[in-house]
Participant: 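Next up is a structure, given as structure tokens.
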Amino acid sequence: MTDSLPDPLPQTRHLATAIPGPRSQALHAERRAHVTDGFGVALPVFIDRAGGGILQDVDGNRIIDFASGIAVTSIGASHARVRERIAAQLERFTHTCFMVTEYESFTQVAKWLNEHTPGSFEKRTALFSTGAEAVENAVKIARSATGREKVLVFDEAYHGRSLLTMAMTAKVNPYKLNFGPFPAGIVRAPSANPLRSPAAPEGPEAVAAAALAAVEATLAEHGPEEFAAMVIEPIQGEGGFVVPAPGFLAGLRMIADRHNIILVVDEIQAGMGRTGMLFASEHEGIAGDLTLSAKALADGVPLSAVTGRAELMNAVHTGGLGGTYAGNPLACEAALAVFEAFEDGSLLANARAIEAAAREVLEPLVRQTGVVAEFRGRGAMLALEFADRDTLAPRADLAKEISARCHAQGVLTLTCGTHGNIIRLLPPLVIGQELLIDGLQVLRQTILEVAGEAGDSTAAAAASALA
Ligand SMILES: *Cc1c(COP(=O)(O)O)cnc(C)c1O
């Protein structure tokens with residue numbers, strides 16, 4: 001590399017103006033004049049630079065990043081090796097189209113994924129650009145390999161915004177509203193939500209058993225011999241950071257085997273180290289026949305993958321898979337840099353350390369308030385669910401207000417969930433310990449404040465004890 005690195009971005013929270021500041025407001029007004037209103041925005045600030053755990057906006061505010069661009073920039077948004085590899089590739093060529101002429105980095109990315117995704121069987125990989133494309137191609141592969149049509153998906157599932165993946169996604173507003181009709185052949189079963197399943201009062205084992213019985217009943221009704229695939233997120237993302245009750249994923253694995261249905265594990269949000277293991281399926285000791293990667297795979301350069309059993313991946317006729325940009329060389333170089341970053345295991349250790357720190361700061365809120373129903377998640381994929389303690393009535397109003405006040409203090413949080421009542425934390429795995437704790441303390445204090453103002457006397461007492 002010939003050009004020198006820019007000054008390092010200070011890893012501290014800093015408020016230079018109100019958030020959003022005047023420059024961001026002016027740029028947002030311009031955006032409104034030119035960009036579709038169909039895109040929402042969590043926080044209308046314009047970013048100038050980002051790296052480590054910091055987003056620096058055009059007004060000079062430094063915001064703590066608890067979003068990572070939705071679980072994408074796990075190794076930081078300006079990682080040195082990613083920039084070096086992309087810069088070197090830029091000097092050589094930007095694109096050939098892998099279906100026209102080949103380049104080695106595509107093969108190397110495939111090789112790494114074959115070696116590191118769960119399952120000790122022989123594998124092949126196909127690369128694409130977006131997560132939705134990976135999901136769609138997994139369905140194409142499963143249908144082609146089995147000669148069957150139907151696909152089983154789950155409540156609270158999120159698989160993307162294309163027509164087929166919208167059909168597979170559970171939540172209507174905003175993802176599916178007014179966009180139908182959808183492709184046929186998608187069948188939905190209950191998820192194993194340990195907080196909200198009707199079996200929840202009997203404990204997590206009962207939740208898993210009830211959900212598995214419902215899967216069998218759903219398959220029986222729709223004809224198990226007509227199903228090509230079942231598609232599951234090992235931790236549900238947009239649907240609410242739902243960690244399935246223990247045993248559910250293993251049970252699905254058995255049901256899939258019993259009926260010769262292909263198990264597709266959508267690791268697009270939970271994979272690539274996010275949960276403290278390279279792939280979240282490893283926590284439950286299962287392997288999908290097909291495993292899907294995207295988001296953090298190439299640190300923000302669009303790249304996605306379907307990796308799975310060689311006999312399934314090769315069942316498709318030659319020419320049946322592809323895409324102009326599929327496995328673009330710049331994206332493949334970025335992915336190879338990500339793989340290097342994971343080599344020494346320290347990023348996975350960081351993910352587990354983030355969980356430990358967040359648990360210490362945030363889990364007591366379940367006792368200290370009447371509105372934090374649960375703190376959950378794995379590694380650096382964590383969430384707080386807001387609901388009234390006795391009725392579990394979702395409190396989206398609180399999640400929204402708390403998030404807004406965190407944003408104003410320079411901490412970027414995101415909400416999610418079927419009821420919009422969940423605040424999720426997806427910090428970059430490289431976030432520094434002090435910055436992490438600062439962001440967590442802002443969040444904790446804000447929760448106590450807002451809950452206290454909303455009439456939660458336990459929270460009000462805890463808040464005044466802090467003050
Ligand atoms: C984000 C996401 C997708 C879709 O990925 P895009 O790149 O936005 O198309 C699919 N599945 C899961 C679990 C996701 O989190």
Side-chain angles (χ1 to χ4, degrees), residues 38-42 67-74 117 126-142 151-171 174-176 179 186 188 191 193 229-244 249 252 263-275 279-281 283 288 290-308 323 325-328 331 334-335 338 377-383 414-418 422 424-426:
F39 276 65
V41 62
S68 300
I70 317 188
V72 170
T73 53
S74 290
T117 50
L127 299 181
F128 303 98
S129 303
T130 68
E133 252 187 305
V135 176
E136 293 233 359
N137 278 283
V139 172
K140 283 168 66 174
I141 292 161
V151 177
L152 189 75
V153 294
F154 294 86
D155 285 337
E156 298 167 305
Y158 181 87
H159 297 295
R161 291 177 181 267
S162 64
L163 267 172
L164 177 62
T165 59
M166 269 195 288
M168 296 168 69
T169 290
K171 192 178 177 179
Y175 307 119
K176 305 163 74 157
F179 295 144
I186 307 299
R188 197 172 304 282
S191 57
N193 184 326
M230 46 174 84
V231 184
I232 184 79
E233 295 157 85
I235 297 180
Q236 291 178 308
E238 307 303 302
F241 279 35
V242 180
V243 184
L249 294 176
L252 279 187
L263 181 65
V264 180
V265 182
D266 180 349
E267 292 259 13
I268 289 169
Q269 188 157 164
M272 288 312 297
R274 176 54 47 188
T275 67
F279 292 91
S281 339
H283 293 285
L290 302 177
T291 296
L292 311 183
S293 309
K295 291 199 163 90
L297 179 58
D299 198 33
V301 190
L303 185 68
S304 65
V306 182
T307 302
Y325 301 112
N328 168 271
V338 169
R378 290 194 208 272
M381 184 171 186
L382 302 166
L414 298 177
T415 57
C416 67
T418 305
I422 290 153
R424 56 171 153 174
L425 304 178
L426 291 164

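Only heavy atoms go into these numbers, but all of them, side chains included; no hydrogens, no water, no symmetry mates. Order of listing sets the numbers, starting from 1, for every ligand and every atom in it.
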Participant: Heavy-atom distances under 4.0 Å decide this one: backbone, side chain, both or neither, for Ala294 against ligand 1?
Facilitator: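 Near ligand 1, Ala294 shows nothing, with every heavy atom at 4.0 Å or more.
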Participant: Around atom 11 (N) of ligand 1, find the nearest protein heavy atom and jot down its residue, atom name and distance.
Facilitator: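 That would be Asp266 OD2, 2.7 Å.
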Participant: Would you say Gln269 and ligand 1 have an N/O pair spaced under 3.5 Å apart?
Facilitator: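 Checking ligand 1 against Gln269, an N or O pair does fall under 3.5 Å apart.
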Participant: How about atom 5 (O) of ligand 1: does it have a protein heavy atom within less than 4.0 Å?
Facilitator: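 Flag for atom 5 (O) of ligand 1 set to true, protein heavy atom closer than 4.0 Å.
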Participant: Would you say the side chains of Glu267 and Thr291 form a donor-acceptor pair under 3.5 Å?
Facilitator: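 Glu267 vs Thr291: no donor-acceptor pair found between side chains.
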Participant: Cut-off 3.5 Å, side chains only: do Glu136 and Ser162 have a donor facing an acceptor?
Facilitator: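 Note: Glu136 and Ser162 side chains meet the donor-acceptor criterion.
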Participant: What residue and heavy atom of the protein are closest to atom 7 (O) of ligand 1, and at what distance?
Facilitator: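 Answer for atom 7 (O) of ligand 1: Gly131 N, 2.8 Å.
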Participant: What residue among Val264, Ile186, Ile232 forms side chain to side chain contact (heavy atoms under 4.5 Å, CB included) with Val153?
Facilitator: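 The passing option is Ile186.
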Participant: Below 6.0 angstrom between ring centroids: does that apply to Tyr158 and Tyr175?
Facilitator: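 Between Tyr158 and Tyr175, the centre distance is under 6.0 Å.
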Participant: What part of Lys295, side chain from CB on, backbone N/CA/C/O, both or neither, has a heavy atom under 4.0 Å from ligand 1?
Facilitator: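 Near ligand 1, Lys295 shows its side chain, while the N, CA, C and O stay back.
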Participant: Is there a donor-acceptor contact under 3.5 Å linking the side chains of Ser74 and Arg274?
Facilitator: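 Yes, side-chain donor-acceptor contact under 3.5 Å.
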Participant: Please identify which atoms of ligand 1 are closer than 4.0 Å to at least one heavy atom of Tyr158.
Facilitator: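 Selected atoms, number and element: 1 (C), 2 (C), 3 (C), 11 (N), 12 (C), 13 (C), 14 (C).
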Participant: Which bit of Ile268 gets closer than 4.0 Å to ligand 1, counting heavy atoms only: side chain, backbone, both or neither?
Facilitator: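 Under 4.0 Å from ligand 1, Ile268 contributes side-chain atoms alone.
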Participant: Any chance the side chains of Gln236 and Gln269 put a donor and an acceptor closer than 3.5 Å?
Facilitator: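 No - no donor-acceptor pair under 3.5 Å links their side chains.
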Participant: Under the 3.5 angstrom rule, does the side chain of Ser304 hit a backbone N or O of Ala294 as a donor-acceptor pair?
Facilitator: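 Flag not set: sc Ser304 to bb Ala294 has no pair under 3.5 Å.
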Participant: For atom 9 (O) of ligand 1, what is the closest protein heavy atom, and at what distance to 0.1 Å?
Facilitator: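 Nearest protein contact, heavy atoms only, for atom 9 (O) of ligand 1 is Ala132 N, 2.7 Å.
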Participant: Any atoms of ligand 1 less than 4.0 Å from a non-hydrogen atom of Glu233? List them with their elements.
Facilitator: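 In order of numbering, the contacting atoms are 13 (C).
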